[in-house]
Amino acid sequence: MSASASATGGLPADWASWRGPSPLGGRRPDRAELAHAASAGLGRDDVLPFPSDADSAGRVRLLMVGINPSPWTVAVNAPFARPGNRFWPSLAAAGLTDGVVDASRGLSPSDERMLAARGIGMTNLVTRPTARADELSAAELRTGGKRLIERVRVLQPDTVAVVGITAFRTAFGVPQARMGAQDAGAVRDWPADVRLWVVPNPSGLNAHETVDTLADWWRAVRAASASLT
């Protein structure tokens, strides 16, 4: 850690967000912009303390891994940005964030500082945007799983939580996996010292979950990770 690190979250005193702001200047996308985001095939910036995995190594306590970005997420360059997604409300209810983040217009610099200070990072298995996760191919998910393992070895988080059991099973070749804490040894090449969890997909399309039930999952992840308590 840098000698100039501040007392808050171990961030350097001169830390500043490196992520690109929303290209929409703080407003929600319209239909044409969503269509463009979907067709462009672009992803969004990861949410990490620093631009590279190497520079972020050891600073991420909990790495949250989505399946792939929605067009809305791409349009505003913010994870889980589509209104109606229960992700951010469930994090707030679980005490992982300082209140509910409104990502529908992009992340603010203060949001990004808060996440970095708390040691929370975010990425996706697949960068290609789709309206639904089931539009991804098994090959895309498997490639994403291999890439995630490589990145985890560099980032060295305490815990990784993958959002979505169906995608997790395909990405890591574990068809019998169930929600919750995973046997890291069942995932080929997974670093033995990194806890691995799967939590439910917070999309509004998942009618089996509510903000409260999702928050319960995040509380369990938090309780199992000593560095997050």
Side-chain angles (χ1 to χ4, degrees), residues 28 34 37-38 43-44 47 62-76 78-97 99-104 107 115 120-142 144-145 148 157 159-184 186-187 190 194-225 228-229:
R28 292 184 172 188
L34 290 174
R44 54 114 179 134
V47 179
L62 172 59
L63 181 65
M64 301 175 177
V65 183
I67 302 170
N68 72 312
S70 70
W72 196 300
T73 275
V74 173
V76 300
F80 300 98
R82 185 175 181 83
N85 192 299
R86 283 81 55 89
F87 178 77
W88 293 105
S90 68
L91 292 191
L96 283 168
T97 59
V100 179
V101 171
D102 179 5
S104 64
L107 292 180
L115 293 169
I120 294 174
M122 299 179 187
T123 189
N124 287 310
L125 283 170
V126 178
T127 60
R128 183 172 71 89
T130 60
R132 297 173 59 103
D134 58 13
E135 296 175 47
L136 299 174
S137 70
E140 285 178 293
L141 289 167
R142 288 192 294 268
L148 180 65
T159 303
V160 172
V162 178
V163 177
I165 186 63
T166 301
F168 175 83
R169 290 169 177 162
T170 301
F172 297 102
V174 282
Q176 303 304 314
R178 295 292 182 265
M179 215 80 73
Q182 303 298 307
D183 174 8
V187 176
W190 189 265
V194 178
R195 299 179 185 89
L196 179 59
W197 279 71
V198 180
V199 299
N201 192 325
S203 166
L205 297 174
N206 184 0
H208 300 290
E209 302 293 337
T210 66
V211 169
D212 289 338
T213 61
L214 290 165
D216 286 341
W217 283 108
W218 287 119
R219 289 189 190 100
V221 172
R222 184 181 183 184
S225 306
L228 294 171
T229 58

Could you give all pairs that pass the side-chain hydrogen bond (donor to acceptor under 3.5 Å, both in side chains) test and reach residues 63-76, with sequence neighbours left out?
->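 Listed by first then second residue: N68-T130.
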
Can you see which heavy atom on [X] is nearest to which on [Y], and at what distance?
| X | Y | value |
| --- | --- | --- |
| G66 | V163 | CA-CB, 4.4 Å |
| V76 | A103 | CG2-O, 3.7 Å |
| P202 | R86 | O-NE, 2.8 Å |

Residues in side chain to side chain contact (heavy atoms under 4.5 Å, CB included) contact with T210, at least two apart in sequence or another chain =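 In terms of side chain to side chain contact (heavy atoms under 4.5 Å, CB included), with neighbours along the sequence ignored, T210 is linked to D212, T213.
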
Sequence neighbours excluded, which residues qualify as side chain to side chain contact (heavy atoms under 4.5 Å, CB included) partners of A138?
->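 Applying side chain to side chain contact (heavy atoms under 4.5 Å, CB included) to A138 gives R142, T170.
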
Heavy-atom donor-acceptor pair, R222 side chain to G95 backbone, under 3.5 Å =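 Side chain of R222 to backbone of G95: a pair is present.
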
Just do the side chain to side chain contact (heavy atoms under 4.5 Å, CB included) check on Q182 and F168 with the steps written out, would you?
-> CA-CA 11 Å; Q182 303 298 307; F168 175 83; 3.7 Å; yes

I'd like a table of donor-acceptor pairs (distance under 3.5 Å, sequence neighbours excluded) in which one partner is a side-chain atom from residues 120-127, with atom names and distances.
unit_1: T123; atom_1: OG1; unit_2: D46; atom_2: OD1; d: 2.8
unit_1: T123; atom_1: OG1; unit_2: D46; atom_2: OD2; d: 3.4
unit_1: T123; atom_1: OG1; unit_2: R151; atom_2: NH1; d: 3.0

Could you tabulate the donor-acceptor pairs under 3.5 Å formed by side-chain atoms of residues 172-181, not counting sequence neighbours?
unit_1: R178; atom_1: NH1; unit_2: Q176; atom_2: O; d: 3.0

For the pair R128 and E140, find out whether any cationic side-chain nitrogen is under 4.0 Å from an anionic carboxylate oxygen.
->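 Yes, this pair counts.
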
Identify, with sequence neighbours excluded, every residue that meets side-chain hydrogen bond (donor to acceptor under 3.5 Å, both in side chains) alongside R28.
->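 side-chain hydrogen bond (donor to acceptor under 3.5 Å, both in side chains) check on R28 returns S104.
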
